[in-house]
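For reference, the structure discussed in these notes is given below.
In this text, all values refer to a predicted model and were calculated from it rather than measured experimentally.
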Amino acid sequence: GQQVMQIPQYQHVQEGEDFTTYCNSSTTLSNIQWYKQRPGGHPVFLIQLVKSGEVKKQKRLTFQFGEAKKNSSLHITATQTTDVGTYFCAANNFNKFYFGSGTKLNVKP
Amino acid sequence: NAGVMQNPRHLVRRRGQEARLRCSPMKGHSHVYWYRQLPEEGLKFMVYLQKENIIDESGMPKERFSAEFPKEGPSILRIQQVVRGDSAAYFCASSLSGDRNSPLHFGNGTRLTVT
């Protein structure tokens with residue numbers, strides 16, 4: 001089935017530093033979604049990317065979809081302690097949403 | 001507008017007992033997905049259901065696990081004769097249309113502990 005690989009697995013940053021997580025697929029994706037899961041919480045939908053080369057911003061978060069639609073990234077500028085959590089990408093394949101393994105972000109104040 | 005409701009939040013079962021996990025989707029949503037998450041791991045797809053139909057159960061273990069989404073009432077994930085390896089968080093998600101562009105709305109999950 002569809003697999004999306006996500007790196008890094010963990011990232012520890014000082015508050016104010018930037019953070020990036022990457023999602024890669026061996027096959028072309030129709031779209032990609034990003035979710036955030038706070039510690040002890042449930043995944044929450046952040047955004048969806050559909051078009052080749054698409055870039056979307058949500059305040060300090062920038063989401064990109066690669067030109068070949070095989071990779072995506074989430075970049076957070078000037079992290080804050082509220083950004084702590086695990087960030088997942090998810091790809092859809094025949095009605096199923098496959099999630100990457102996630103990148104766990106820890107922000108030190 | 002209530003979100004996805006899962007209960008119970010925490011469930012403790014002894015080995016060999018049955019676990020029943022319930023999920024009520026968001027109002028207006030008729031597509032339900034179940035995912036399993038082990039500590040520090042990602043979300044593993046288990047099953048996708050619409051009302052009264054199992055669309056895809058390719059992620060479900062062949063034995064002891066079953067799921068349903070009846071015409072009336074919540075979706076149920078049932079685990080028979082639980083073993084310690086079943087301990088995990090089980091998340092239910094619903095979507096409006098089930099197509100690839102429809103985001104998933106997750107419940108708070110059920111944390112199952114098998115003793």
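At a 4.5 Å heavy-atom cutoff, the contact between B:Ser102 and chain A is made by backbone atoms alone. When heavy atoms are compared at a cutoff of 4.5 Å, B:Asn108 approaches chain A by way of both its backbone and its side chain. For a residue to count as touching a neighbouring chain, one of its non-hydrogen atoms must lie under 4.5 Å from one of that chain's; by this rule A:Gln6 does not touch chain B. For A:Val44, no part lies near chain B; criterion is any non-hydrogen pair under 4.5 Å. Contact annotation for A:Phe97: both backbone and side-chain heavy atoms come within less than 4.5 Å of a heavy atom of chain B.
For the pair B:Pro74 and B:Phe69, the tightest heavy-atom approach, listed with the atom from each and the gap, is C-CD1, 4.2 Å. Minimum interatomic distance between B:Pro8 and B:Thr110 (heavy atoms only, all atoms of both residues): O-OG1, 2.6 Å. For B:Ser87 against B:Val114, the heavy-atom pair with the smallest separation is OG-N, 2.9 Å.
The most heavy-atom pairs under 4.5 Å with chain A, out of B:Ile55, B:Val4, B:Leu43, come from B:Leu43. Comparing B:Ala93, B:Gly42, B:Ser58, B:Pro103 by how many heavy-atom pairs each has under 4.5 Å with chain A, the most go to B:Pro103. Highest contact tally toward chain B, considering only A:Gln9, A:Gln48, A:Gln33, A:Gln37, is held by A:Gln48 [criterion: heavy-atom pairs under 4.5 Å].
Aromatic ring pairs are classed by plane angle as parallel below 30°, tilted from 30° to 60° and perpendicular above 60°; the pair B:Phe91 and B:Phe106 is perpendicular.
Here the two rings, on A:Tyr35 and A:Phe88, have centers that are 6.0 Å apart or farther.
Between the NE2 atom in B:His31 and the NE2 atom in B:His105 there is a gap of 12.0 Å [rounded to 0.5 Å].
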